[in-house]
Amino acid sequence: MIRKTISLLMIAVILSISNIYAHEGMWIPILLKKYNIAEMQKMGFKLSAEDIYSINKTSMKDAVMIFGGGCTGELISDQGLLITNHHCGYGSIQSHSSLEHDYLTNGFWAYSKKEELVNETLSVRFLVRMDDVSTQVLTGVLDNMTEEQRHRIINNNIEVIIEEATKDNSYKALIEPFFYGNQYFLFIEEVFTDVRLVGAPPSAIGKFGGDTDNWMWPRHTGDFSLFRIYADKDNKPADYSEDNVPYKPKKHFPISIKGVKKGDFTMVFGYPGSTQEYLPSFAVDMIKNKINPERIAIRQNIIDILIGDMNSDPGIRIKYASKYAGVSNGWKKWQGENKGLKKLKAIAKKQEQEKKFQAWVNADKSRLAKYGSILTDYEEIYSVLAPYKIAEQYFFEAIWKLETIKFTARIASLSRKGAGYTQKDIDGLKTYAKKFFKNYNLSTDKKIFNKMILMYRQNAGSDFMPDFYDFMIPLKYFKVSEEVALRAYTEFYFDDTFYLDEEKFNEFINNYTVESAKKIKATSSYKLYASFITSYLTKISPVTQTYSAKLDSLDRIYMKAQMLVDTSKVFYPDANFTLRVGYGQVDDYEPRDGVFYKHYTTLAGVIKKDNPKIYDYNVPQKLKDLYATKNYGQYAENGEMHVCFTASNHTTGGNSGSPVINGNGELIGINFDRNWEGTMSDIMYNPDQCRNISLDIRYALFIIDKFAGATNLIEEMTIISE
Ligand code: ARG
Ligand code: GLU
């Protein structure tokens, strides 16, 4: 008996310790002082909440930015030099690449500022300040309003607040809902649009292991690239000009080359994109069992075609490298997510929570009146919604992303203008088309088109078929199989769509008149595109929209109620691509019984994976030489070159490129991925299995210094070696 008491006691102690070090959560910078800083300091953080976020003095937030459309980056010199992931800079590196200058394969380094490459469409955004504006946003909102009334009032309030916030400055302002609209925050941002490419390692370093290693640990990827922000003479944002000068930031991160040990405090400061931690079991069930399997299957088919084409022709490989990476990234993540949800028994866990929730509701009459039907409402909505959501997936994943459809959509928008088009519209389309054709291979598009049109037909659900399948290609009258009929149709479609040929497109656009709009509308591509849109707008979206308004309201009420059930628990809001802090520690893990994963990898592992026959594993000779001579400079640890490490920070897509910071506020790594076993953390976090994967900053410095010889860049940085 005594033994049992002791072990229970021990468990309680262990539980309370692990509670202190709970790593789940993406926290709001202005609330750290209230909720997190004490715990962070206990875990080894030596600075204050004000050092992370402050509007009265410079703080870390002045060195962290949204990079491009969906990544994070951070400043590492007082001359506007920033670091992010290779996969975040990929689009830019790729856009400067051709067979003659293949920066994807060979890397790119600017040995002086003059050599940096201008990016027309790249921008970065810094947070100037954030404020809780819930009271102002919700002024005039009453509990008994309809969702439309509520939205109207909220939108009006938001407009007023934004106007006020930006009237005397050149900042951008936006307001985002938190906790499903129970709270609102205002974000004031400064946007820089002259951002130049400074350095990128070869893909065989920056994307080492490619899509095989993606989402996996152990990992050996040198996933970083360097850019520089330029400003006008007054250090203010300005579009590209030769006269612009390097931006002088208020703050940049010092870089520690002292190394990381298991148990060290880590903090990730960046822009997590989206999580869904508070969904009911019915929603998790729909995602896991209905949506994920379909989208995995769609992308599997696209991937098979892309791999075949890319392997057969280096030109196609360059054209489709970036697109392929995007497709395969989600495909692999959702598979990991489903495995993780299954292993965690996530649906059963949610059901368990819901039972408790219902008991809490039932215990009180006024709760029963307010929250009594939440769970049954959810159940009903998700059962009705599921087939529509599957059809919607097919529309957006299989059809809407087709290259021919995207291009047609762009051209159709010109034709819709009728006589009202301007020269600017024509020029805009020309620019778009130039980029489109640079990365376009018609026969690849054709194969994917054929497969997707067939998959939609077979799997999207018979209620959601566009009339195209009947009127353009009346499948039921064919004596051959649908497969054969659609193959013949595909040939016809690509012959008929004249503008998919660059020369014909140029001739067409250079001679564009009002009459040309008719020519567009006569193509089978336009007809197919219009038919799919009509079917989406009449058969799918009216239902998904009605229900999503209902869900908005239910989610908001359910969230509020969940917070009332346990008032002692501090909740963190789901990620919404606003600046957040995650904290944890350098840590290893056990993916399965009997398997142990160390918390770091080394260059020796890179060399072991070397395989000249596989593009992503073909280690550059120079790197092999550096390894052979152990020429690691000041960046080695006990004679070894560390490459990546894992830690227990709660992160998600968008956190790529985020600074990983030690207890002294110094940069020790760049976040770039999660482990496969932990990808379900977007829906349910598990401290034993969820790890973020970071590039050890010393590997980046070693590559810049010893591999590329870009000592000009090292000299700009603030390096802390003791
Ligand atoms: N999985 C990482 C993320 O979600 C990296 C993706 C890029 N790398 C790749 N091999 N596709 O963005
Ligand atoms: N690679 C992801 C990104 O680009 C981060 C990995 C994750 O989802 O945690 O944002």
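Both backbone and side-chain heavy atoms feed into the values below; hydrogens, waters and symmetry mates do not. Counting starts at 1 for both ligands and their atoms, in listed order.
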With salt bridge (charged side-chain N to carboxylate O under 4.0 Å, His left out) as the test, would you mind laying out the steps for Asp211 and Lys332 before giving the verdict? CA-CA 9 Å; Asp211 290 287; Lys332 195 157 177 187; over 6 Å; no
Which residue and non-hydrogen atom of the protein lie closest to [atom], and at what distance in Å?
{"atom": "atom 5 (C) of ligand 1", "result": "Asn214 OD1, 3.4 Å"}
{"atom": "atom 9 (O) of ligand 2", "result": "Arg674 NE, 2.6 Å"}
{"atom": "atom 10 (O) of ligand 2", "result": "Gly654 N, 2.5 Å"}
{"atom": "atom 2 (C) of ligand 1", "result": "Asp673 OD1, 3.2 Å"}
{"atom": "atom 3 (C) of ligand 1", "result": "Asn329 ND2, 3.4 Å"}

Evaluate [X] for polar contact with ligand 2, using N/O atom pairs at a separation under 3.5 Å.
{"X": "Cys88", "answer": "no"}
{"X": "Cys71", "answer": "no"}
{"X": "Asn671", "answer": "no"}
{"X": "Trp215", "answer": "no"}
{"X": "Gly70", "answer": "no"}

Among Ser656, Ala575, Ser274, which one has a heavy atom closest to atom 3 (C) of ligand 2? Ser656
Cation-pi, Tyr600 ring and Lys598 (6.0 angstrom, 45 degrees): yes
Are Arg295 and Trp334 in a cation-pi contact, defined as NZ or CZ under 6.0 Å from the six-membered ring centre and within 45° of the axis? yes
From CA spacing to verdict: side-chain contact (heavy atoms from CB on, under 4.5 Å), Lys451, Ile302: CA-CA 8 Å; Lys451 190 75 209 178; Ile302 298 174; over 6 Å; no
For atom CD of Gln300, decide whether the heavy atoms of other residues, nucleotides or ligands shown that lie under 6.0 angstrom number more than 12. yes
Does NZ in Lys622 sit with more than 12 non-hydrogen atoms of other residues, nucleotides or ligands closer than 6.0 Å? yes
Derivation and outcome, salt bridge (charged side-chain N to carboxylate O under 4.0 Å, His left out), residues Glu397 and Lys401: CA-CA 6 Å; Glu397 274 285 322; Lys401 286 194 179 140; 2.6 Å; yes
Classify the angle between the aromatic ring planes of Tyr247 and Phe192 as parallel (below 30°), tilted (30 to 60°) or perpendicular (above 60°). tilted
Using the six-membered ring wherever Trp is involved, compare the ring planes of Phe178 and Phe185 and label them parallel, tilted or perpendicular (cut-offs 30° and 60°). perpendicular
State if Lys333 counts as touching ligand 2 under the rule of any non-hydrogen atom under 4.0 Å. no
Walk me through it: do Asn329 and Trp215 pass the test side-chain contact (heavy atoms from CB on, under 4.5 Å)? CA-CA 8 Å; Asn329 197 41; Trp215 296 112; 3.0 Å; yes
Check step by step if side chain to side chain donor-acceptor pair (under 3.5 Å) holds for Asn36 and Tyr583. CA-CA 9 Å; Asn36 314 94; Tyr583 53 94; 3.0 Å; yes
Of the backbone atoms (N, CA, C, O) and the side-chain heavy atoms from C-beta on, which set of Asn692 has a member under 4.0 Å from an atom of ligand 2: side chain, backbone, both, or neither? neither
Considering only heavy atoms of [X], which atoms of ligand 2 have at least one such atom less than 4.0 Å away?
{"X": "His87", "value": "1 (N), 3 (C), 4 (O)"}
{"X": "Asn655", "value": "10 (O)"}
{"X": "Asp673", "value": "6 (C)"}
{"X": "Phe672", "value": "1 (N), 2 (C), 5 (C), 6 (C)"}

Applying a strict 4.0 Å limit to heavy atoms, is Gly210 in contact with ligand 1? yes
May I ask whether Tyr90 has any heavy atom positioned less than 4.0 angstrom from an atom of ligand 1? no
Looking only at distances, please establish whether an N/O atom of ligand 1 is found under 3.5 Å from an N/O atom of Asp211. yes
Near Ala325 (heavy-atom distance under 4.0 Å), the atoms of ligand 1 are 11 (N)
Does the Asp673 side chain pair with the main chain of Asn214, one donor and one acceptor, at a distance under 3.5 Å? no
Is there a donor-acceptor pair under 3.5 Å between the side chain of Thr652 and the backbone N or O of Pro272? no
